[in-house]
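This report refers to the structure that appears directly beneath it.
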Amino acid sequence: MYNHEIFVQGFPGKSKTHGGLGWSTITLLTNDTHNIIVDAGSFGVRKILLEKLRQKGLTFDDIDYVLLTHTHWDHSVNWTMFPNATIVIGDVDLEWALNDATQDMDIPELYIKELSHYPKTKVVGHLDEVLPGIVAHQTSGHTPGHITYTVDNGNYDLIFCGDAAKNRAELLSQEVDMTLNLEESKASIQYIWNLWEAKQDSLVIPGHDIPMKLENGVPVYVLERRADLQCWFSSTLNDVFKAKIT
């Protein structure tokens, strides 16, 4: 059995004027044996991660596995923050990011190059068991070797689908924004639905949304979304405009 806590909530939105928001989901998984981070995020959340770990009595050193769903910057860059962790990544995705992704502006080239020869990197393929109860599923489309991780918690599963299905809208419509292969993405979303429906009370945790469970076959949020922007539009630093996004 694994306990899970969402450290950073993924956000289902983007900006046309400032590039990708990159607000992706980061989760802590724990049991009596392991402390695991699922997706590591990027630079902007490092202090948040540090504080969240401190609240659990942990440090970056205490994480022994980091599970990356794919190689895009907003999910992968912070793997370097966990010096004692085995870094898990899909074999197909790592190979693609190294050799074939020259036109993909979301690949952090130097971080992925370093990951490829890092001694604690573990590459996995479809249906490989990463740890007891944790299985990798290749869910291609968004990237060629994207991985969804399922965590067997007995009567229910945790399903970390990353950007194979980024948000509730993609799960419901089975239409996909920002994919390299639309047909593969649609097939991957159906695959995720099959995993989700296999056990009652299973949770899907997407890459850019908050966790959901099924009620009468409909995805329902299980957390309240939290997001805000603080802006200085006036002449003093004390006059802060706080925009809450719901």
Aromatic centroids of Y111 and W73 separated by under 6.0 Å: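 No, they do not, as the ring centres are separated by 6.0 Å or more.
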Can you confirm whether more than 12 heavy atoms, excluding those of [X], are under 6.0 Å from its [atom1] atom?
{"X": "Q200", "atom1": "CD", "value": "no"}
{"X": "L127", "atom1": "CG", "value": "yes"}
{"X": "K213", "atom1": "NZ", "value": "no"}
{"X": "E51", "atom1": "CD", "value": "yes"}
{"X": "H18", "atom1": "NE2", "value": "no"}

Joint hydrophobic cluster, V222 plus V8, side-chain heavy atoms closer than 4.5 Å: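 They do not share one cluster, since no chain of ILVMFWY contacts under 4.5 Å joins V222 to V8.
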Same cluster (ILVMFWY, side-chain, under 4.5 Å), V151 and V66: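 The answer is no; the residues belong to distinct hydrophobic clusters.
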Full working for side chain to side chain contact (heavy atoms under 4.5 Å, CB included) between Q9 and T25: CA-CA 5 Å; Q9 288 187 356; T25 306; over 6 Å; no
Set of salt bridge (charged side-chain N to carboxylate O under 4.0 Å, His left out) partners for [X], sequence neighbours left out:
{"X": "K186", "answer": "E175"}
{"X": "D209", "answer": "R225"}
{"X": "K122", "answer": "none"}

Test ring-ring contact (aromatic ring centres under 6.0 Å, His included) applied to Y221 - qualifying residues, sequence neighbours left out: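 Partners of Y221 under the ring-ring contact (aromatic ring centres under 6.0 Å, His included) test: none.
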Side-chain donor/acceptor of [X] to backbone N/O of [Y], under 3.5 Å:
{"X": "T27", "Y": "I6", "result": "no"}
{"X": "N84", "Y": "D64", "result": "no"}
{"X": "D39", "Y": "G41", "result": "no"}
{"X": "S42", "Y": "G44", "result": "no"}

Residues forming a side chain to side chain donor-acceptor pair (under 3.5 Å) with N78, sequence neighbours excluded: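 Scan of N78 (side chain to side chain donor-acceptor pair (under 3.5 Å), adjacent residues dropped) gives R46.
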Are [X] and [Y] close enough that some pair of their side-chain heavy atoms sits under 4.5 Å apart?
{"X": "Q174", "Y": "W193", "answer": "yes"}
{"X": "V176", "Y": "K166", "answer": "yes"}
{"X": "V220", "Y": "M212", "answer": "no"}
{"X": "I89", "Y": "T121", "answer": "yes"}
{"X": "L131", "Y": "I36", "answer": "yes"}
{"X": "W196", "Y": "L214", "answer": "yes"}
{"X": "V92", "Y": "E95", "answer": "no"}
{"X": "N31", "Y": "N3", "answer": "no"}

Intermediate values then yes/no, side chain to side chain contact (heavy atoms under 4.5 Å, CB included), W23 and K14: CA-CA 9 Å; W23 295 354; K14 59 184 180 180; over 6 Å; no
Test side chain to side chain contact (heavy atoms under 4.5 Å, CB included) applied to H72 and D104, step by step: CA-CA 9 Å; H72 281 166; D104 193 317; 3.4 Å; yes
Geometric class of the Y65/H34 ring pair [parallel <30°, tilted 30-60°, perpendicular >60°]: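 Plane angle over 60°, so perpendicular.
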H142 and H146 aromatic ring geometry - parallel, tilted or perpendicular at 30°/60° bounds: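 Judged by the thresholds at 30° and 60°, the geometry between H146 and H142 is perpendicular.
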Please determine, by modelled atom types, if [X] and [Y] share a side-chain donor-acceptor pair under 3.5 angstrom.
{"X": "S188", "Y": "T139", "answer": "no"}
{"X": "N194", "Y": "Y191", "answer": "no"}
{"X": "T150", "Y": "H137", "answer": "yes"}

Shortest non-hydrogen separation from T71 to S76 and the atoms involved: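 Shortest heavy-atom separation between T71 and S76 comes out as O-OG, 3.2 Å.
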Qualifying side-chain hydrogen bond (donor to acceptor under 3.5 Å, both in side chains) pairs, either residue in residues 228-240, two or more places apart: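 Applying side-chain hydrogen bond (donor to acceptor under 3.5 Å, both in side chains) to every pair that reaches into residues 228-240, excluding sequence neighbours, yields S234-D239.
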Given I87, D93, V88, I147, the one that forms side-chain contact (heavy atoms from CB on, under 4.5 Å) with L68: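 When I87, D93, V88, I147 are each tested with L68, the side-chain contact (heavy atoms from CB on, under 4.5 Å) holds only for I87.
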From CA spacing to verdict: side chain to side chain contact (heavy atoms under 4.5 Å, CB included), H208, D74: CA-CA 10 Å; H208 292 271; D74 54 324; 3.2 Å; yes
Side chain to side chain donor-acceptor pair (under 3.5 Å) between T30 and N35, worked out: CA-CA 5 Å; T30 57; N35 297 314; 5.2 Å; no
